[in-house]
*Asks:* 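Let me begin by handing over the structure; questions about it come next.
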Number of protein chains: 2
Amino acid sequence: MTEGKEITIYDIAKRLNISATTVSRGLKNHPAINKNTRKKIAEAAKELGYRSNTFASSLRSRKTNTIGVIAPRLNSYFLASVLAGMEDTASRENYNLIISQSLESSVKEIANTHTMFNKRVDGLLVSLAYDTEDINHLQPFFKKKIPVVFFDRIHNHPDSTSIVIDNFKAAYEITKHLLDQGCRRVMHLSASMLRNVYADRYRGFKQALKDYKIPHDDKYLYISSLSEQAGVEAAEYILNMAPSQRPDAVFSANDTAAVHCMIRLKAAGVKIPEDIAFAGFNNDPISKVIEPNLTTVNYPGYIMGEAAVMSLLNNIRGIHSSQTTNLIMLRSDIIVRDSSLKNKEGK
Amino acid sequence: MTEGKEITIYDIAKRLNISATTVSRGLKNHPAINKNTRKKIAEAAKELGYRSNTFASSLRSRKTNTIGVIAPRLNSYFLASVLAGMEDTASRENYNLIISQSLESSVKEIANTHTMFNKRVDGLLVSLAYDTEDINHLQPFFKKKIPVVFFDRIHNHPDSTSIVIDNFKAAYEITKHLLDQGCRRVMHLSASMLRNVYADRYRGFKQALKDYKIPHDDKYLYISSLSEQAGVEAAEYILNMAPSQRPDAVFSANDTAAVHCMIRLKAAGVKIPEDIAFAGFNNDPISKVIEPNLTTVNYPGYIMGEAAVMSLLNNIRGIHSSQTTNLIMLRSDIIVRDSSLKNKEGK
DNA sequence: AAAAAAATTGCAATCGGTTGCAATTTTTAA
DNA sequence: TTAAAAATTGCAACCGATTGCAATTTTTTT
């Protein structure tokens with residue numbers, strides 16, 4: 001089948017005694033080409049083992065059928081799920097993904113953005129790094145009207161669409177749940193307030209406290225990178241508080257920090273949920289392994305990946321622009337497990 | 001800076017009153033171009049906001065600077081780490097990654113292989129799907145001498161390099177460790193023996209038993225997909241055995257199955273490690289969360305990703321061919337934790 | 001049967017770099 | 001000072017598909 005020389009549309013044209021133009025059009029089912037001719041072209045193509053040359057095509061048509069992805073990191077359960085969803089959808093739609101990671105550094109994010117721009121991706125999917133302060137580096141994309149879709153860690157911009165869950169609501173509900181369990185000193189583990197996800201969760205957290213008329217004290221807010229290590233440190237911070245001051249619940253903005261905080265506290269003899277109830281965020285696999293199982297928010301990563309790609313493709317294809325759709329909010333639910341159930345009776 | 005028209009080498013040539021040829025060569029530091037000229041070209045390029053057109057370049061030079069990756073799935077901790085390592089290395093070397101997942105299906109793997117071939121990747125990184133029986137679908141690559149590097153789930157082929165850890169040795173040692181703890185009825189959870197990783201681990205497991213003169217009974221081998229669900233089912237399989245027949249140790253070929261098997265057994269009142277000791281494989285984050293912490297094998301995913309890319313690039317660049325280097329074995333270690341420590345005294 | 005409308009097909013000029021080979025310029029050797 | 005060797009640069013033909021516009025063929029209308 002495939003041997004020495006590469007087959008081109010010219011070879012097909014010669015074989016059928018028609019022009020390369022017709023072959024080119026026939027191969028992509030251009031309506032102006034006779035049905036019968038189309039079939040013959042398709043047959044000849046298969047027979048000769050033709051494979052289209054993407055580069056010639058992209059060069060001429062100025063379309064690359066490639067989507068760039070810039071993510072903070074690839075090796076977290078949540079992002080891996082998002083990527084899986086993106087890949088699945090993109091490949092189904094005949095698009096390729098170029099994936100890069102910023103490693104939570106805005107410097108690398110900027111470099112990656114340049115690379116994507118040079119690679120002439122048809123669109124860009126972005127989740128911002130920990131310390132990114134502005135999105136000037138995306139300016140070239142906006143200028144050239146190359147669609148940009150933010151996911152998870154978004155940035156509001158009139159020329160782009162954002163895909164999120166309702167972080168405020170989820171945080172509000174999970175905090176409310178903790179309060180309903182009788183907790184009154186709820187601590188919140190979070191990260192940079194530059195990022196919407198953390199800022200919104202914090203807002204939801206505070207709103208719930210407010211609705212329950214519980215004053216919020218800054219000593220119950222612990223900002224970190226939410227890593228394993230940070231979870232352990234948060235536990236030590238708690239252990240160092242005067243016993244009467246210690247929180248009776250912890251709501252962490254991710255499961256990793258929550259779980260490792262729990263582990264450290266348990267090692268110090270703290271009973272969960274009796275002494276301190278726990279809630280996390282993301283529904284990471286570890287949340288079902290820790291004992292007691294961790295109450296958390298189900299974050300639909302795979303679906304978010306699908307939605308991000310579809311939204312981008314709609315933009316690329318001009319089906320609807322970011323002008324129309326500025327924000328897409330996905331459904332998420334809180335999952336109550338034993339780590340927060342003080343009175344064993346369900347929610 | 002970047003505005004309406006796209007800048008080409010012809011614009012730079014015109015500006016400097018030299019030929020496009022010289023610009024082309026100057027931009028990639030061709031040694032035949034005068035140093036001074038090179039500098040002028042670089043300056044003009046920056047000043048005009050030139051960005052090279054990959055498609056024109058690929059079309060003519062028949063090089064894409066793109067590496068294809070076919071992985072069973074993207075959303076496992078191990079594979080996410082591998083991908084992170086690949087991405088890091090590839091981007092440093094100025095290569096892009098096109099990533100696809102077979103979802104453990106050989107049908108999809110074949111389809112992905114075709115796509116990669118059509119996309120004309122410069123090389124391919126492959127980890128085989130669960131049920132792939134042969135690698136005929138890679139034939140086009142071998143025929144065209146496009147380098148292929150297998151990682152983790154490999155297939156021995158004279159024209160390709162493989163990156164692995166010593167699965168036999170790791171399994172041997174971890175089984176030996178269990179035996180050293182006094183265990184005599186060791187059960188092994190594994191998956192398809194079509195895949196080297198599982199076959200080799202099984203061999204290592206059996207060899208250790210043999211060296212300890214312990215007969216191996218097929219009822220102590222449980223083949224599954226090693227998913228969470230499979231772990232639970234393995235636990236039920238064990239619980240259904242006559243108490244005197246039950247294994248006193250379980251060595252699982254991954255951590256996920258091990259952990260969920262443990263959880264189910266614990267729920268049934270089985271004491272770990274007293275009644276049944278446990279060991280897993282991969283050093284997944286969950287292994288440090290489960291109680292007791294899971295003894296496992298540290299599998300260096302990130303490093304494997306780096307090594308795979310470097311090896312592929314060496315092939316592409318002709319530094320050394322797969323003829324010379326047929327197999328690269330990475331270092332891995334077993335990590336002993338409480339799940340297998342019957343006599344509390346360390347290893 | 002002739003004219004008009006619709007359906008097909010093809011011409012030829014791109015898209016933007018790359019590269020073998022020849023031509024020109026500069027440097028070194030005699 | 002001149003010939004020979006080395007260093008630079010440029011010509012022109014690609015790479016393979018796409019597309020506006022014109023030409024040709026077929027179908028429909030009158």
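Proteins get letters first, then strands, A, B, ... in listed order; numbering begins at 1 in each. Values in this document were obtained by computation on a predicted structure and should not be read as measured data.
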*Asks:* Within the modelled atom types, does a donor on one side and an acceptor on the other bring the side chain of Thr8(B) and the base of dC15(C) under 3.5 Å apart?
*Replies:* no

*Asks:* In whole Å, I'd like the distance from the CD1 atom of Ile12(A) to the P atom of dG10(C).
*Replies:* 14 Å

*Asks:* Nearest-Å distance, CZ (Phe55(B)) to C1' (dT14(C))?
*Replies:* 17 Å

*Asks:* Does a side-chain heavy-atom distance below 4.5 Å link Phe78(B) with Asp152(B)?
*Replies:* yes

*Asks:* Assess whether one donor atom and one acceptor atom, taken from the side chain of Tyr10(B) and the base of dG16(C), lie less than 3.5 Å apart.
*Replies:* no

*Asks:* Classify the side chain of Ser61(A) versus the base of dA17(D) as yes if they form a donor-acceptor pair under 3.5 Å and no if they do not.
*Replies:* no

*Asks:* With a sphere of 6.0 Å drawn around NZ of Lys14(B), does it hold more than 12 non-hydrogen atoms of other residues, nucleotides or ligands?
*Replies:* no

*Asks:* Roughly how many Å is it from CZ in Arg60(B) to C1' in dT18(C), rounded to a whole number?
*Replies:* 5 Å

*Asks:* Rounded off to whole Å, could you give me the CD1-to-P distance for the Ile18(A) and dA23(D) pair?
*Replies:* 21 Å

*Asks:* Let me know which of His155(B), Arg153(B), Glu109(B) forms a side-chain hydrogen bond (donor to acceptor under 3.5 Å, both in side chains) with Thr132(B).
*Replies:* Glu109(B)

*Asks:* Between Arg62(B) and Asn17(B), which has a closest nucleotide on DNA chain D that is more 5'?
*Replies:* Asn17(B)

*Asks:* How about Leu128(B) and Arg195(B): do any of their side-chain heavy atoms sit closer than 4.5 Å?
*Replies:* yes

*Asks:* Check whether any side-chain N or O of Asn65(A) sits under 3.5 Å from a backbone N or O of Asn94(A) as a donor-acceptor pair, and report yes or no.
*Replies:* yes

*Asks:* Return the value, rounded to whole Å, for the distance between atom CZ of Arg51(A) and atom P of dC15(D).
*Replies:* 16 Å

*Asks:* Output the rounded distance in Å from CG (Asn53(A)) to C1' (dG17(C)).
*Replies:* 14 Å

*Asks:* Could you identify which residues of residues 22-39 of chain A place a heavy atom less than 4.0 Å from some atom of DNA chain D, listed by residue number, or say none?
*Replies:* Ser24(A), Arg25(A), Lys28(A)

*Asks:* For the pair made of NZ in Lys14(B) and P in dG10(D), what is the distance, rounded to whole Å?
*Replies:* 15 Å

*Asks:* Reading DNA chain D from 5' onward, which residue's closest nucleotide shows up sooner: Ala20(B) or Leu59(A)?
*Replies:* Ala20(B)

*Asks:* Respond yes when some side-chain nitrogen or oxygen of Tyr50(A) is under 4.0 Å from OP1 or OP2 of dA17(D), and no when none is.
*Replies:* yes

*Asks:* With sugar-phosphate meaning primed atoms plus P, OP1 and OP2, does Thr21(A) contact a base, only sugar-phosphate, or nothing at under 4.0 Å between heavy atoms?
*Replies:* base

*Asks:* Can you give me the closest heavy-atom contact between Ile146(A) and Phe117(A), atom names plus distance?
*Replies:* CD1-CE1, 4.0 Å

